There are 2 protein chains.
Amino acid sequence: MEEEFASRVSLTSKSGLNAIYPSRDPEMISFTGGFPDANLFPTQELGNSFQNVIGGAQTPFQYQIGQESEPLREQISKLLAADGTQVSPSKIMVTQGAQQGLDLVAKLLINKGDGLVVEGPTYIGALAAFDAYEPTYYTVEMEEDGMNLADLKKILIQQQVKLIYTIPDFQNPTGTVMSLAKRKQLIELANRYNVLIIEDAPYRWLRYEGKSLPTLKSLDTQDRVIQLGSFSKILAPALRLGWLTAGKGLFERLQELKGGSDLETSSLMIQTVNYYLTHYDLDAHLNQLQKSYQVKRNAMMTAMENYLPDFAHYTRPQGGFFTWLTVPKDLDLEKIQNSQLKPNFHVMMIPSTNLFPDKKHCNGARISFSNVTLSQIDSGIQRLANGLSSGYQKQSV
Amino acid sequence: MEEEFASRVSLTSKSGLNAIYPSRDPEMISFTGGFPDANLFPTQELGNSFQNVIGGAQTPFQYQIGQESEPLREQISKLLAADGTQVSPSKIMVTQGAQQGLDLVAKLLINKGDGLVVEGPTYIGALAAFDAYEPTYYTVEMEEDGMNLADLKKILIQQQVKLIYTIPDFQNPTGTVMSLAKRKQLIELANRYNVLIIEDAPYRWLRYEGKSLPTLKSLDTQDRVIQLGSFSKILAPALRLGWLTAGKGLFERLQELKGGSDLETSSLMIQTVNYYLTHYDLDAHLNQLQKSYQVKRNAMMTAMENYLPDFAHYTRPQGGFFTWLTVPKDLDLEKIQNSQLKPNFHVMMIPSTNLFPDKKHCNGARISFSNVTLSQIDSGIQRLANGLSSGYQKQSV
């Protein structure tokens with residue numbers, strides 16, 4: 001059968017997306033998934049919201065007849081405005097998590113072979129979404145203050161690029177933040193070379209220190225930025241609710257594609273999240289998340305400082321869920337993970353291999369601190385340190 | 001911007017999918033959407049199911065860690081077995097409504113230009129899903145007992161076809177059922193010409209008279225049938241839960257594509273529907289649905305017999321939500337609807353134009369009886385009859 005699949009499948013079947021799911025080894029300490037801490041879900045409030053919406057005068061169980069998402073889109077518009085980004089509710093589309101936004105935007109824009117710039121490393125799920133449209137990838141190296149814009153400029157000069165994909169805040173997987181100077185330059189480059197930008201911002205509200213920088217969308221004067229957001233990390237993933245903002249010309253076409261993909265997002269989920277935002281204090285909830293995740297981030301930094309061998313380097317994220325580990329170039333962390341870390345040390349992370357379109361960068365790994373306990377962080381990083389040293393010796397022999 | 005979209009958008013932007021959504025004219029009687037009757041939703045039982053799942057020991061708000069859907073897949077497997085179709089839970093995938101199944105299967109199989117057979121007329125949302133993958137459509141005429149298989153055979157002999165899309169039970173939009181003889185022949189043809197089949201079966205459980213026929217999937221011995229099902233019509237659309245069954249070779253690839261499209265379906269929805277199926281009597285609920293929709297179907301048939309002019313013909317569906325209206329070939333029902341029915345008679349249906357890939361068949365229309373009251377059926381069909389006669393005179397002058 002294999003030969004009868006569409007050509008796109010030759011890419012999508014190698015995405016490695018399932019690496020984000022946990023192992024079944026009961027001893028395993030897993031730093032893989034970008035899962036929020038389930039203890040922080042506002043379960044009571046969401047439960048009440050469901051109950052009230054289900055018991056309300058208008059059934060939330062029917063297909064949408066057109067306007068059900070308007071109150072939620074207004075709430076999202078207010079959230080964005082409070083964050084300095086002005087977007088009319090009519091230019092906000094509710095999606096099946098931000099993941100669906102990635103799929104729809106690529107579906108809208110990418111013909112086979114079209115140029116698409118991604119950060120290297122980047123979000124594994126974005127590559128899984130984009131792969132299905134068979135772009136020509138151009139990868140721009142990540143630096144401490146966001147992507148290398150000199151590299152980007154070279155690509156834009158030399159290649160036909162349609163779309164740039166970036167996560168400016170607490171990038172997945174490196175945890176870095178794009179500087180204000182780079183944000184402004186990126187918008188200028190997009191304007192000059194007539195390129196669209198996806199600004200993926202699921203972690204933006206999870207900042208644990210320092211000051212928030214303006215979104216790319218707020219710096220955009222030519223409707224070039226499609227911003228994606230999500231309730232998965234700030235409320236709960238199983239709501240499967242995200243949003244995208246796009247200019248008018250794109251918006252209508254994206255809605256048509258959404259219809260073909262899944263008809264619509266659940267009216268029940270839409271009304272429930274709107275109920276939550278109307279009746280409860282999201283800011284207070286965010287505050288609590290920030291405090292809790294900050295403690296975990298700090299514990300992770302302490303453990304890494306205490307235990308990791310000298311040849312290992314890591315980022316110090318100001319927010320989000322991830323730190324990024326790098327080891328010398330001749331080490332292959334996927335091999336070390338499979339031969340040492342998982343079987344012998346019962347610890348795992350996401351090696352960099354699948355986080356680059358060319359799958360040729362093997363000396364990095366994403367380490368998530370969001371869904372592990374403080375003691376798991378401590379013992380897991382000890383195990384990692386031991387496993388790395390052991391793998392280092394073996395590969396260096 | 002228009003010229004910068006991917007080429008697939010030139011098709012998807014003309015799907016006409018939004019025609020299924022109701023009008024804002026308060027006097028309108030709409031026979032358009034395939035909406036279930038909201039009065040028949042098991043609201044109390046679903047509400048209890050949500051409450052129990054949310055209040056349970058394990059949070060349903062997290063991402064899935066891999067096995068959450070297993071109990072539901074087992075329930076679906078049992079449902080299918082009771083219907084004569086044996087499918088292992090491991091070959092059932094939970095989807096975002098059956099609509100996502102259509103998108104994923106086309107995404108898996110269709111390269112630009114690949115041959116795809118559809119029934120003419122067919123489900124508008126299927127065309128919207130398929131359009132995004134730019135197939136070459138071959139349309140097989142619908143007869144009273146399902147698609148014209150002599151036509152299909154000619155196409156299979158002359159053209160390269162990869163996939164056949166059919167709705168054997170209470171077809172959308174014609175309401176017809178494929179005969180057992182044709183089901184068997186269709187499977188034989190697929191085997192002989194090495195083609196896959198999508199069997200879309202959202203209405204299968206809504207039979208109001210006569211005996212159920214075996215599913216295509218149950219007649220399939222070569223894993224050629226991908227069956228799609230949905231809880232939208234039998235429980236509630238806003239659950240956004242459907243399923244697909246596929247052979248092992250396809251299954252894994254479809255799961256990868258699902259990951260790229262939306263990561264996963266909501267664990268909360270999956271657990272809630274599983275709770276409902278475990279704790280409540282779906283058969284009793286289906287029985288109630290069948291009785292209520294049968295009354296509506298009967299009212300629709302009576303009204304059509306009483307009021308429609310002689311030049312109008314219609315099908316007598318044994319189940320599902322739709323009857324199919326046809327008028328003489330020189331009449332264009334989309335034009336009559338826009339010039340007469342909607343503005344002057346405040347009644348609407350789905351004209352056939354967008355239900356054929358070539359958009360050249362204009363003398364048919366889908367009329368839905370599921371989400372209108374008995375009195376709306378009576379007065380709506382009176383209005384339709386008057387409007388058609390008026391349009392007939394104008395177009396015949």
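Order of the sequence lines sets the chain letters (A, B, ...), proteins ahead of strands, with each chain counted from 1. The structure presented is a predicted model; accordingly, all values stated were derived computationally and were not measured.
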Participant: Examine distances only and state if a side-chain atom of A/Ser266 and a backbone atom of B/Ala238 form a donor-acceptor pair shorter than 3.5 Å.
Facilitator: yes

Participant: Is it true that a side-chain atom of A/Arg240 and a backbone atom of B/Asp262 form a donor plus acceptor pair closer than 3.5 Å?
Facilitator: yes

Participant: Please flag which part of B/Asp131 lies under 4.5 Å from any non-hydrogen atom of chain A: side chain, backbone, both or neither.
Facilitator: neither

Participant: Answer with side chain, backbone, both or neither: which region of B/Lys233 has an atom nearer than 4.5 Å to a non-hydrogen atom of chain A?
Facilitator: side chain

Participant: Could you tell me whether a side-chain N or O of A/Asn111 sits under 3.5 Å from a main-chain N or O of B/Ser7, the two making a donor and an acceptor?
Facilitator: yes

Participant: Given heavy-atom pairs under 4.5 angstrom as the criterion, report whether the side chain, backbone, both or neither of A/Pro60 touches chain B.
Facilitator: backbone

Participant: State whether the side chain of B/Arg8 and the backbone N or O of A/Ile110 hold a donor-acceptor pair below 3.5 Å, judged by distance alone.
Facilitator: yes

Participant: Sort B/Thr59 into side chain, backbone, both or neither according to what part of it lies under 4.5 angstrom from a heavy atom of chain A.
Facilitator: side chain

Participant: Considering only heavy atoms, which portion of B/Ala126 lies under 4.5 Å from any heavy atom of chain A: side chain, backbone, both, or neither?
Facilitator: neither

Participant: Identify which part of B/Gln62 has an atom lying under 4.5 Å from any heavy atom of chain A, answering side chain, backbone, both or neither.
Facilitator: both

Participant: Fit a plane to each ring of B/Tyr63 and A/Phe35, take the angle between them on a 0 to 90° scale, and name the class: parallel (under 30°), tilted (30 to 60°) or perpendicular (over 60°).
Facilitator: tilted

Participant: Step by step, would you call A/Lys107 with B/Asp103 a salt bridge (charged side-chain N to carboxylate O under 4.0 Å, His left out)?
Facilitator: CA-CA 12 Å; A/Lys107 203 169 188 176; B/Asp103 180 60; 2.8 Å; yes

Participant: Who passes ring pair (Phe, Tyr, Trp, His ring centres under 6.0 Å) against B/Phe50, sequence neighbours left out?
Facilitator: A/Phe50

Participant: Would you please name every residue forming a ring pair (Phe, Tyr, Trp, His ring centres under 6.0 Å) with B/Tyr280, sequence neighbours left out?
Facilitator: B/Tyr276

Participant: Which atoms of A/Leu257 come close to chain B, meaning under 4.5 Å heavy atom to heavy atom: side chain ones, backbone ones, both, or neither?
Facilitator: side chain

